[in-house]
Amino acid sequence: MKKGIVLSVFSSVLFSVLYYYSTVLYPLGGAEIFSWRVLLALPALALLITRGRAWGEVAQVARRLCREWTLALSLIASAALIGVQLWLFMWAPLHQKALDVSLGYFLLPLVMVLVGRLFYRERLSATQWVAVAIAAVGVVHELYRVNAFSWATVVVMLGYPPYFMLRRVLRIGSLTSLWFDMLLLAPVAVFILQTQDVGVIGQFFNHPRLLGLIPVLGLISSVALVSYIAASRLLPLGLFGILGYVEPILLFWVALLFLNESMAPGAWFTYIPIWIAISVIVAEGLLAWVKEARRTCS
């Protein structure tokens, strides 16, 4: 349990470091950093699949692709959905959108609660309804303040739910699903890198420091991914979900303290109700997990 908690928090810290790290990779833009991240993720996933003995499932899905065109379309859609999120994560810190993306990650769990209610008829507890209502105060305030949410916020909070819903329909293991996501994104990544003005070799020739910085990008991303997946296997699902709120908190403070983004005073009245709503859900989850743990021990 302690190891799982440490790994979950460690992965959140590394993802927040990765958020800032994109600003160190000048002159690479968001699309190029995204491309390197995709390509460097493949070896890490291959290692995880090998350790998890999941190549059989990968081979099974590959055979299904030969005879099920709907599966091929679904996997392409899955790769496209997660690809947009990976690109935005690396692009936002370079274009003063880091705070907007962090707000999207704060709202995402609440959107997922509503998705569960609307599409899967999952019942919401009284506490969850209260959390949604409190968060709605922040949402309404933001709409009143600027008449709209940032497109980056909307892409995160409304872009992830279709991805998770599609993965539920596919019923493919998380490692296998991620493998095909990255595999299908790899040609796009190679195309992006090859169509740059000076090409990959030219980038390294003109900026030799990238020879050291890009492997570090892969290292941070891979270790974060490995830690995240390892934590998901070591922790109860409820506790793992609660610890998932650590990442958006870190992303927010990275944007504010290290990326020099500023927040209008009025925007605090958007964030505070959303933070209170998240605290309510976290408190409910912790109480439920503690009760379950006590039942298990007794």
Side-chain angles (χ1 to χ4, degrees), residues 4 7-8 11-12 14-15 18 34-90 104-105 108-109 111-113 115-116 119-120 122 155-190 192 218 220-241 243-244 247:
L7 285 171
S8 178
S11 70
S12 295
L14 287 180
F15 281 125
L18 192 64
F34 152 79
S35 300
W36 280 114
R37 186 180 175 188
V38 167
L39 295 176
L40 293 171
L42 286 170
L45 283 171
L47 177 62
L48 285 173
I49 292 171
T50 301
R51 287 180 60 86
R53 299 180 180 179
W55 284 114
E57 185 182 21
V58 172
Q60 183 182 23
V61 172
R63 286 193 296 268
R64 286 176 58 194
L65 284 172
C66 298
R67 60 179 186 272
E68 298 178 30
W69 64 269
T70 54
L71 176 61
L73 290 178
S74 297
L75 288 176
I76 291 171
S78 174
L81 287 168
I82 194 63
V84 169
Q85 300 298 335
L86 293 176
W87 164 79
L88 181 59
F89 191 88
M90 307 313 305
Y105 279 103
L108 177 59
V111 173
M112 290 301 296
V113 168
V115 166
F119 292 95
Y120 301 104
E122 295 175 357
V155 167
V156 173
M157 71 179 187
L158 298 184
Y160 267 114
Y163 174 71
F164 292 130
M165 292 168 71
L166 183 57
R167 285 183 60 168
R168 177 177 288 199
V169 170
L170 291 173
R171 296 183 180 179
I172 297 174
S174 58
L175 280 177
T176 301
S177 180
L178 274 172
W179 172 259
F180 281 99
D181 285 339
M182 296 303 154
L183 200 62
L184 290 169
L185 288 171
V188 178
V190 171
I192 290 172
I220 296 172
S221 181
S222 299
V223 174
L225 178 63
V226 170
S227 301
Y228 179 81
I229 292 175
S232 70
R233 293 175 174 175
L234 291 171
L235 293 172
L237 188 59
L239 181 57
F240 178 69
L243 289 171
E247 183 179 338

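Just the heavy atoms: all of them, side chains too, but no hydrogens, waters or symmetry mates, feed the values below.
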S.K.: Once you round to the nearest 0.5 Å, how far does CD of Q85 lie from OH of Y105?
M.R.: 5.5 Å
S.K.: Taking ring pair (Phe, Tyr, Trp, His ring centres under 6.0 Å) as the definition, give me every residue that meets it alongside Y228, ordered by chain and number, with sequence neighbours left out.
M.R.: F240
S.K.: I need the L175 CG to T50 OG1 distance, nearest 0.5 Å.
M.R.: 10.0 Å
S.K.: What pairs with S11 under side chain to side chain donor-acceptor pair (under 3.5 Å), at least two apart in sequence or on another chain?
M.R.: none
S.K.: Side chain to side chain donor-acceptor pair (under 3.5 Å) with R64: which residues, sequence neighbours excluded?
M.R.: E68
S.K.: Quick one: does any side-chain atom of S177 pair with a main-chain N or O of S174 as donor and acceptor, under 3.5 Å?
M.R.: no
S.K.: Would you mind reporting whether V115 and Y120 have side-chain heavy atoms less than 4.5 Å apart?
M.R.: yes
S.K.: Run the side chain to side chain contact (heavy atoms under 4.5 Å, CB included) test against V226 and tell me which residues pass, sequence neighbours left out.
M.R.: L48
S.K.: What is the distance from atom CD of E247 to atom CG of L14, rounded to the nearest 0.5 Å?
M.R.: 10.5 Å
S.K.: Looking at residues at least two apart in the chain, or sitting in another chain, which of them share a side chain to side chain contact (heavy atoms under 4.5 Å, CB included) with A46?
M.R.: W55, W179
S.K.: Do F89 and V156 come close enough that some side-chain heavy atom pair is under 4.5 Å?
M.R.: no
S.K.: If I take atom CD1 from residue I82 and atom CE from residue M182, how far apart are they, to the nearest 0.5 angstrom?
M.R.: 6.5 Å
S.K.: Any heavy-atom pair between the side chains of L45 and L183 that's under 4.5 Å?
M.R.: no
S.K.: Which heavy atom in S222 sits nearest to a heavy atom in L40, and how many Å separate them?
M.R.: OG-O, 3.7 Å
S.K.: Tell me which pairs pass ring-ring contact (aromatic ring centres under 6.0 Å, His included) where either residue lies in residues 58-78, with sequence neighbours left out.
M.R.: none
S.K.: Can you list the residues that meet the side chain to side chain donor-acceptor pair (under 3.5 Å) rule with Y163, with sequence neighbours excluded?
M.R.: R167, D181
S.K.: Would you please name every residue forming a side chain to side chain contact (heavy atoms under 4.5 Å, CB included) with V190, sequence neighbours left out?
M.R.: L39, Q194
S.K.: Identify the two heavy atoms, one from R168 and one from R171, that lie closest to each other, and give their separation to 0.1 Å.
M.R.: O-CG, 3.2 Å
S.K.: State which residues pass side chain to side chain contact (heavy atoms under 4.5 Å, CB included) with A230; sequence neighbours excluded, sorted by chain then number.
M.R.: L7
S.K.: Which residues satisfy the side chain to side chain donor-acceptor pair (under 3.5 Å) test with T176, sequence neighbours excluded?
M.R.: E57
S.K.: Identify the two heavy atoms, one from L42 and one from A186, that lie closest to each other, and give their separation to 0.1 Å.
M.R.: CD1-CB, 4.1 Å
S.K.: What pairs with F164 under ring pair (Phe, Tyr, Trp, His ring centres under 6.0 Å), at least two apart in sequence or on another chain?
M.R.: Y160
S.K.: Rounded at 0.5 Å granularity, tell me how far CD1 in I76 sits from CG in L81.
M.R.: 12.0 Å
S.K.: Compare all side-chain heavy atoms of V61 with those of L170 and state whether any distance is below 4.5 angstrom.
M.R.: no
S.K.: Identify the heavy atoms of A62 and F180 that sit nearest to each other, and give their distance.
M.R.: N-CZ, 4.0 Å
S.K.: Evaluate the side-chain proximity of L178 to L225: yes if any heavy-atom separation is below 4.5 Å, no if none is.
M.R.: yes
S.K.: If we ignore hydrogens and angles and just use 3.5 Å, is the side chain of S74 paired with the main-chain N or O of T70 as donor and acceptor?
M.R.: yes
S.K.: When rounded to the nearest 0.5 angstrom, what distance separates CD1 in I192 from CG in L185?
M.R.: 9.0 Å
S.K.: If you compare all heavy atoms of R37 against all heavy atoms of S221, which two are closest, and at what distance to 0.1 Å?
M.R.: NE-OG, 3.2 Å
